[in-house]
Amino acid sequence: MSLASFETRRAADGGPAKETAVKLFLNFLARPLRHLWLLAAVIIVWHVVAISEIYPPFLLPAPSAVVQSLIEMTRSGYLIDNIGISLGRQMTGFALSVAFALPVGVLLGYSRAFREPVQPILQLLYPIPGLAWVPLAILWFGIGVESIIFVIFFSSIWPLLFNTQAGITSINPIYRRAAMALGTSQWRTFTRVIVPAALPFILAGLRLTYGTSWRVIVGAEILSARSGLGFMIDNARGLLRGEEVIAGMITIALLGYLFEKFAFDFLERVTIKKWGMSL
Amino acid sequence: MSLASFETRRAADGGPAKETAVKLFLNFLARPLRHLWLLAAVIIVWHVVAISEIYPPFLLPAPSAVVQSLIEMTRSGYLIDNIGISLGRQMTGFALSVAFALPVGVLLGYSRAFREPVQPILQLLYPIPGLAWVPLAILWFGIGVESIIFVIFFSSIWPLLFNTQAGITSINPIYRRAAMALGTSQWRTFTRVIVPAALPFILAGLRLTYGTSWRVIVGAEILSARSGLGFMIDNARGLLRGEEVIAGMITIALLGYLFEKFAFDFLERVTIKKWGMSL
Amino acid sequence: APTVTVVSGRLGWPHCMPFIATEMKLWEKYGLSVDHRDLGNGSAAAEAMASGSASFGYINVPNAVTLLQVGLPIKILAATTIGGTSVYTFSEAIKSVADLKGKKVAIPRGVTTHALQFEMYVLPQAGLSKADVEIVPLAPTDNLTAMRRGDVDAAVSFDPYVSQAVALGAKVIVPPNKMWDGPAYSAVVAARADFVAKEPETVRKLVQVHCEVIKFINEDPKKAAEIVNKLLRGTEKDLALQLDSMRSLTFTAKIEPAAVARFADAMVKFGLIKSAPDLGPVVDTSFLPKDVM
Amino acid sequence: MAGVTLSNVSKSFPKPDGKGTFVALSPTDIEVKEGEFVCILGPSGCGKTTLLNIVAGFETPTTGTVLVGGKPVRKPGPERGYVFQEYALFPWMTIIENVAFGLRNLGVSGAEAATKARDYLKLVGLSGFEQSYPNRLSGGMKQRVAIARALAPGPDILLLDEPFAALDAQTRYLMQIELLRIQREARKTTILITHSLEEAIVLADRVIVLSARPGRIKLIETIDHPHTRNPNDPSMTELRYRLFQAIADEIAPVGAAA
Amino acid sequence: MAGVTLSNVSKSFPKPDGKGTFVALSPTDIEVKEGEFVCILGPSGCGKTTLLNIVAGFETPTTGTVLVGGKPVRKPGPERGYVFQEYALFPWMTIIENVAFGLRNLGVSGAEAATKARDYLKLVGLSGFEQSYPNRLSGGMKQRVAIARALAPGPDILLLDEPFAALDAQTRYLMQIELLRIQREARKTTILITHSLEEAIVLADRVIVLSARPGRIKLIETIDHPHTRNPNDPSMTELRYRLFQAIADEIAPVGAAA
Ligand SMILES: Nc1ncnc2c1ncn2[C@@H]1O[C@H](COP(=O)(O)OP(=O)(O)OP(=O)(O)O)[C@@H](O)[C@H]1O
Ligand SMILES: Nc1ncnc2c1ncn2[C@@H]1O[C@H](COP(=O)(O)OP(=O)(O)OP(=O)(O)O)[C@@H](O)[C@H]1O
Ligand SMILES: [Mg+2]
Ligand SMILES: [Mg+2]
């Protein structure tokens, strides 16, 4: 990576126009290659290490065994069921996190009267481990799905919350001044000035919050669930079924990744990238 | 919170100069009050609920019982020992996270040749729950403190990693251009241009990564430790000592909070706030 | 001598022996250098042995069977405790297992003997099947809360949680001795087969220490309870609880291969594993001192 | 409709080293009558933007008060249109959205606001760029969007901070004429900061020259000459010279500056 | 020391609606000789900044090549000093750090760089602001820091995008004189974009006027008159008129722009 490889916004806009169809086609083929060679290499290394049996195969199964397990579990419907169940919990937790963290983060950044009393409480709550809340979660919400969602919620609000706040305090004050001089109502200032101006932070926070809502699924689902990907992984672990553990991990990885690509990359493309606020 | 309460950078600079000593003194008294009234209210509500014994005291002890437990554990040295042990693990994990996430995040944002193959792998790894790695952590690192630190590390790199990347892609390209036109070496461009320009993101990421390294301590320490705050909480839970569970939570909250205040608030004050890049 | 890593689960009576041995410096007495690690759950202990981090350990029977089933040669060398599992409730309406029909019952999560005992023995004894009750996997520490809220009606658990609940007014509807047909081992002493083959003398000493601790516990339960209570930072009240707990258990190193095999068969019936491993050559009582067998 | 009155307005900022404050604007009294066009000239860094910011309500004066239409200024408001020295376009809005934004704030319907915005974009010569985002525009184009944005909602008072600085002489001239027409027609009270003597002479009813930092009023010239004026008109020569000299006195020879 | 040669250089950008491209700069040939001072004039948005960015190496031309000292331009370099239209000061460095930065890049010791930076700050009249951060400065002050920053490392080639636009006439004049002195003494090849005919006349060996978008060369005027020139010198009247007319032709009447 040299300084020359460093993309500059404008340079990307108007590259040489003389690309031939052949070149474009080659590019089209090269693209996935450029992105996936390292992943392929990692899988190959994994395969080689696994078949060498340095480690017991039930702890480090070969990729092929994992794929086979994925296929079997898909065929039996076990995987799909658990995906559906976990997705429901994770998405509910994520949606609640966003619904809470976005407005609260905006207020933290925006209003001193709100920030001064609320921030210390949040900063104190933040470092407390999610698992430490389990007894109280059960006390308040019982052992149903509510507690699982509470743990997901309480673990995943933070990146969006604090990123939104940081985004808002980093807004160039001139935008607020311009909004005020144009007689913008508070609500429109929120929605049309503050939020878009802080969007690079908010989108990064959304990504992190989304990822976190998956990351805590094992911890949340061993709370009291007999279903879901987290339970599936824990259960497989107890039975020393390494291939099922890794199959579960890969399923979560893919679910997270696909959403990341389709939702967040898209959101970024139609907002901050289009506006030139991010490369 | 009205638009008028909305701090503007310049307005904060040169307020009326006519403040009397009395006013300043009153302000000095009012400051903690403005910050702490809500926290005080929360503690009072907790106290009232606790002494009403709606919940059994071993699940929701009164604040006074928690304070007493804190005092006792401090006196016996148990708390201090566990703080020392957990702090060591958490700080090691945090330091490793920073050492990894900061350069990798910079490279992700900076170099396409690096980003294209590495990003998919990281985006796939990111959503995988930390607890799902435990079997592999034991396989690779054994059952000592290394595994604990691995779980902390692997859980807490993400906010700093992705925030740094987002920060770098959000840098106004004009700064890089200026750096190039001034013949800045790659290293100096990293340290003197890229990192400071992305600092609002990096600092937000540091805060989040720091907090996460505490948040996973319970999950990490029940892995294989007979010591530390995470173990202490888990152990107290087994003995139905609610006041010790909450004392442990409060200890972690305070440790996180104090560092937040002293390290990160300070860092922010001497950098982005001083430079006018954040309010 | 090189240091041996010994793993165990969390400190509770079934896994207490290495804790007490360390506390009483019994390892040193036998010229052993032992690094004892207690892990948060049974899976971790099994994984530690599988990965070679530890060659000797205290693990649950289902974990031992699973290790064999996935192909890790181990030897089961001794028992630790028998019993300990009970079913209890706070509900007035539930007087016997039959009353659990349609009720929610909390069971420790993971692959445990507790679930096997309850579902494969206790329920059929009362003419019920798995489908007749709603099983809720739950950490034993959360049972009390869940029961208070009415989220579960009864719980299958072990000590000190059962004694804790009883102290708060729960009643035991199935005592430990009615939980299984024959000896129900809470945990066993196991070692990697390669380790046993390579260092039989070390293994013999480790098992001797184990037996000496069990002898000590049986001879002076109060002293043993004090040691455990001290390690757990328990109070006077907790000490009483520990002593109560001990009454529900039999401390013995003696192990019957057939009883272990019955668990393996139950696991097959339960659907946890496809086929039971041959336990004949696995349960190796040759390391036990003569007076134990 | 309203005049602007500054009484004893001054502004201090903290010193770079954080110790103490320095005066950016000395106590100043200015009265701008309703419908009057005032141009402010002065050396770089003398406090012109600071003064305009105080009138706009972006900054609180260290001493003194500002009345707009007889009422003290507390915060910015849509009756005072502002063109920022740095343009301050919203990067996340297209050009037309930027210009229509203030209109929409006033409750104008979307369609009507778009039509009006398009008119103003035509006025500043940017038809065809409605759907562009600001990062796609040249410096001068951004500045013209900023002018259109400030004018579109029809504020009573115009506060313009070097609004034509990034424009070529011809475009600048055309824009001056348009501004003047709008200002006259609606009798808008206008304060415009400029570095161009010609611009001040073409536009102003009154020219105020500030001294070097800390700024204070150095010279006030009233221009009665009817519009449209030609800055090169011989009758203006003397005025021009007086203004020139007033500023020139304030500039220390380069290399020997404080 | 080197000249700058543009052959057939053009630049297209994507259209606002994303469909197709539009030409910002038509194919252009310019040869700037070593030590020559070229001023570029042209209507707002005609492609001046684009052209300068290509010479600087910030943008790749859609067609054509740029040679600097005979070698093709691939990326920016310290031999080409650049003053950005938007200043582009580093907000995280003090004023003196900004100015010293390029010197430090060249390996100049800290103390020496600071001394030199201080000299350049004195040159642009900003002594006393060394320890300020850019957000504390007025627009014109920032612009002067940007000039000092570009000059301090002593580049062979100067690329200046409206470097004096935010300065009052007097400061501007003083800065012009200083720039000229530095340029002459070290025979720096210089390309300066300006909207001021006077500035071009005072400074340039050659003036290039670009047409309205898409920019192409409309007029080239060589000025042989010795320095120091007075733009109001009667001998310049005709030149001035020609330049004026060349740009005026390009400006569509306001309100009727494309
Ligand atoms: N936020 C601030 N903090 C500290 N000093 C400031 C701040 N804003 C402006 N100043 C100082 O106040 C003085 C006047 O600044 P101002 O922006 O009003 O100048 P100006 O007359 O508009 O100059 P220019 O013509 O260059 O735009 C300058 O010395 C500047 O450094
Ligand atoms: N990144 C970009 N993407 C799309 N269009 C661009 C981009 N940069 C510049 N343009 C367009 O190219 C044209 C020329 O822009 P440029 O900045 O070179 O003008 P300029 O001559 O410097 O104008 P000014 O005097 O106003 O600064 C303009 O129409 C502008 O909209
Ligand atoms: Mg100004
Ligand atoms: Mg330009």
Side-chain angles (χ1 to χ4, degrees), chain B residues 7-15 102 106 109-113 164 167-168 170-206 266-279, chain E residues 49 52-53 55-59 73-95 97-108 113 117 131-138 142 145-146 148-161:
Chain B
E7 321 84 316
T8 57
R9 194 171 300 163
R10 290 190 165 200
D13 291 335
L102 200 58
V106 169
Y110 193 77
S111 155
R112 192 165 142 181
T164 302
I168 283 171
S170 301
I171 295 176
N172 190 337
I174 204 165
Y175 294 133
R176 298 166 178 175
R177 292 185 170 190
M180 289 191 271
L182 289 164
T184 318
S185 68
Q186 292 220 25
W187 177 244
R188 265 171 76 80
T189 304
F190 268 127
T191 56
R192 298 283 288 145
V193 180
I194 300 292
V195 170
L199 211 55
F201 277 88
I202 292 174
L203 284 176
L206 265 180
F266 171 77
L267 263 181
E268 239 177 58
R269 216 167 37 246
V270 299
T271 57
I272 56 178
K273 284 195 194 294
K274 188 166 89 182
W275 304 335
M277 286 163 73
S278 171
L279 281 181
Chain E
T49 298
L52 211 64
N53 279 342
V55 175
F58 298 144
E59 304 202 29
V73 165
R74 294 220 188 293
K75 51 176 191 167
E79 77 290 352
R80 278 157 289 156
Y82 199 102
V83 173
F84 294 85
Q85 197 169 2
E86 311 92 327
Y87 322 147
L89 300 181
F90 300 125
W92 51 89
M93 297 185 195
T94 59
I95 300 315
E97 284 170 348
N98 263 285
V99 177
F101 188 66
L103 288 159
R104 298 286 286 139
N105 288 340
L106 298 177
V108 176
Q131 302 308 325
S132 290
Y133 283 92
N135 73 318
R136 300 281 152 136
L137 300 191
S138 77
K142 282 185 207 157
V145 177
R149 184 177 68 173
L151 292 178
D156 291 341
I157 296 166
L158 293 175
L159 306 173
L160 313 170
D161 198 351

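Note on naming: letters A, B, ... go to the chains in the order of the sequence lines (proteins, then strands), and numbering restarts at 1 for each one.
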Worksheet entry | Interface moiety of E:L106 toward chain B, non-hydrogen atoms closer than 4.5 Å | neither

Discussion item. So for E:A88, is it side chain, backbone, both, or neither that comes closer than 4.5 Å to the heavy atoms of chain B?
Written reply: both

Discussion item. Restricting to side-chain contact (heavy atoms from CB on, under 4.5 Å), what partner residues turn up for E:E79, sequence neighbours left out?
Written reply: none

Worksheet item: Are any side-chain N or O atoms of B:K274 and backbone N or O atoms of B:R269, one a donor and one an acceptor, separated by less than 3.5 Å?
Response: no

Worksheet entry | Residue pair E:F90, B:R192: steps toward the side-chain contact (heavy atoms from CB on, under 4.5 Å) verdict | CA-CA 9 Å; E:F90 300 125; B:R192 298 283 288 145; over 6 Å; no

Fill in: E:F101 portion near chain B, given a 4.5 angstrom heavy-atom threshold
both

Worksheet item: At a heavy-atom separation under 4.5 Å, does E:P91 approach chain B through its side chain, its backbone, both, or neither?
Response: both

Item to complete: Please name all residues satisfying side-chain hydrogen bond (donor to acceptor under 3.5 Å, both in side chains) with B:R188, sequence neighbours left out, ordered by chain then number.
Response: E:N105

